[in-house]
Asks: 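This is the structure I want to talk about, given as structure tokens.
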Amino acid sequence: MIRYIPFLFVVIWSTGWIVAGFAARYADPLWFLFLRFTLAAIAMGLIGLIMRVTFPRDRRLIGHAMVSGVLIHAVYLAGVWWAVAKGVPSGVSGIMAGLQPVMTAMLAPALLGERISPIRLLGVAFGFFGIVLVLLPKLVGVDPATFDAIKIPLIVNFIGMVGVTLGTFYQKRFVTSGDLVATTFWQYVAASLAMLPLVPLFGAMVAEWNMTLILTMAWSVLVLSIGGILLFMTVLKHGEVSRATAFIYLVPPMTALLAFAIFGETLTTAQLGGMAVTALGVFLATRR
């Protein structure tokens with residue numbers, strides 16, 4: 001059963017880009033994320049109480065969970081959402097997100113002692129090349145002068161990618177015990193607290209509450225922040241970090257399919273070919 005969890009995670013996580021698009025229409029991205037993390041922490045706390053989960057009392061374990069939460073949730077999502085809101089093209093942001101499996105494969109031997117075979121490295125390379133093919137149409141027609149105007153957002157987007165990469169390593173190295181529900185609760189508590197200074201400094205407490213935004217928030221909390229993250233933590237707990245993150249390559253292609261189905265966006269032959277290359281890359285990078 002666990003072998004199918006990564007693919008379920010990909011389907012769920014790919015809706016995050018769709019959610020970000022809806023949320024940006026009605027709310028400041030940082031304010032939305034603060035509310036999302038806060039509601040997710042409350043929800044995970046209630047789930048833990050209902051399931052009678054044993055929450056850790058060791059300050060060291062709680063601290064490790066909170067550090068990984070800040071890196072995986074606050075630094076990553078805040079960086080990406082803020083950067084896109086400030087003008088970073090979604091295709092560029094997607095390609096930068098695709099650097100995570102590459103960076104993970106490069107750092108895994110040194111940080112965790114994982115052995116990365118040549119076949120797996122080839123899979124990582126194929127996966128990244130496939131993502132570029134999938135996202136390339138979003139970059140066509142982008143004025144090169146645009147990049148001069150968004151240097152800082154690009155740096156912030158890159159910091160977000162580095163944050164989630166380091167957070168994944170930190171999670172695998174230091175958060176190895178305890179119930180996933182309890183761990184995720186402390187992660188969202190820390191992520192919510194980390195957003196507190198960011199909202200007044202770089203955002204605004206602005207949200208136009210309507211049915212679309214309410215449903216977007218509900219999906220973000222229940223499906224992405226709870227379902228998606230618990231699935232990813234399960235994959236990370238039971239496998240090598242380089243294999244777990246390789247499945248992230250499948251997120252942009254799945255998002256492109258969802259955008260085609262929901263928004264009627266075009267889907268070119270090159271994109272379909274890129275999806276096939278990405279799938280081959282993930283197969284090579286995750287096969288045992």
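Not measured: the values here are computed from a predicted model. For the numbers below, each heavy atom of this structure counts, side chains included, while hydrogens, waters and symmetry mates do not.
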Asks: To the nearest 0.5 Å, what is the distance between CG on Leu49 and CE on Met44?
Replies: 11.0 Å
Asks: Rounded to the nearest 0.5 Å, what's the gap from CZ on Phe126 to CG on Leu280? Could you check?
Replies: 5.5 Å
Asks: Report yes or no: does Tyr76 contribute a side-chain atom to a donor-acceptor pair with the main-chain N or O of Leu71 at less than 3.5 Å?
Replies: no
Asks: With sequence neighbours left out, which residue pairs that include part of residues 36-58 fulfil the salt bridge (Lys or Arg N to Asp or Glu O under 4.0 Å) condition?
Replies: Asp58-Arg60
Asks: So, for Ser220 and Val19, which heavy atoms are closest and what is the spacing to 0.1 Å?
Replies: OG-CG1, 2.9 Å
Asks: Compute the ring centroids of Phe32 and Trp81, then answer whether they are less than 6.0 Å apart.
Replies: yes
Asks: Distance from Ile150 atom CD1 to Lys86 atom NZ, nearest 0.5 Å?
Replies: 12.5 Å
Asks: Taking the six-membered ring for Trp, are His64 and Phe174 parallel (under 30°), tilted (30 to 60°) or perpendicular (over 60°)?
Replies: parallel
Asks: Hey, does Val70 have a side-chain heavy atom less than 4.5 Å from the side chain of Met66?
Replies: no
Asks: Hey, can you tell me if Phe202 and Trp82 have their rings parallel, tilted or perpendicular (30° and 60° cut-offs)?
Replies: perpendicular
Asks: Judged by atom type as modelled, is there a donor-acceptor pair below 3.5 Å linking the side chain of Thr245 to the main-chain atoms of Thr104?
Replies: no
Asks: With a cut-off of 6.0 Å (strictly less than), are more than 12 heavy atoms of other residues, nucleotides or ligands near CD1 of Ile214?
Replies: yes
Asks: Do Thr54 and Asp179 pass the side chain to side chain contact (heavy atoms under 4.5 Å, CB included) test, and can you show the C-alpha distance, the side-chain angles, and the key distance before you say yes or no?
Replies: CA-CA 7 Å; Thr54 301; Asp179 187 271; over 6 Å; no
Asks: In a check of side chain to side chain contact (heavy atoms under 4.5 Å, CB included) between Trp13 and each of Ile229, Leu250, Val223, which one passes?
Replies: Ile229
Asks: Do Phe7 and Phe247 have their ring centres less than 6.0 Å from each other?
Replies: yes
Asks: Indicate if Phe128 and Met161 have the same hydrophobic cluster label, given that clusters are the connected sets of ILVMFWY residues with side-chain heavy-atom separations under 4.5 angstrom.
Replies: yes
Asks: If I compare all heavy atoms of His73 with all of Phe37, which pair ends up nearest, and what's the gap?
Replies: O-CZ, 3.6 Å
Asks: How long is the gap from CD1 on Ile226 to CG on Leu39, to the nearest 0.5 Å?
Replies: 9.5 Å
Asks: Looking only at heavy atoms, what is the nearest atom pair of Leu198 and Ala78, with distance?
Replies: CD1-CB, 4.4 Å
Asks: What about Leu215 and Leu35, same hydrophobic cluster or not, with Ile/Leu/Val/Met/Phe/Trp/Tyr joined at side-chain heavy-atom distances under 4.5 Å?
Replies: no
Asks: Does Phe129 have more than 12 heavy atoms from other residues, nucleotides or ligands lying within 6.0 Å of its CZ?
Replies: no
Asks: Should Ile152 and Val162 be counted in the same cluster of Ile, Leu, Val, Met, Phe, Trp and Tyr side chains packed under 4.5 Å apart?
Replies: yes
Asks: Using modelled atom types and a 3.5 Å cut-off, is there a donor and acceptor pairing between side-chain atoms of Gln271 and backbone atoms of Thr268?
Replies: yes
Asks: Sequence neighbours excluded and cut-off under 3.5 Å, please list the side-chain donor-acceptor pairs for residues 185-197, or say none.
Replies:
unit_1: Gln187; atom_1: NE2; unit_2: Ser68; atom_2: OG; d: 2.8
unit_1: Gln187; atom_1: NE2; unit_2: Gln171; atom_2: OE1; d: 2.8
unit_1: Tyr188; atom_1: OH; unit_2: Ser225; atom_2: O; d: 2.4
unit_1: Ser192; atom_1: OG; unit_2: Thr38; atom_2: OG1; d: 2.7

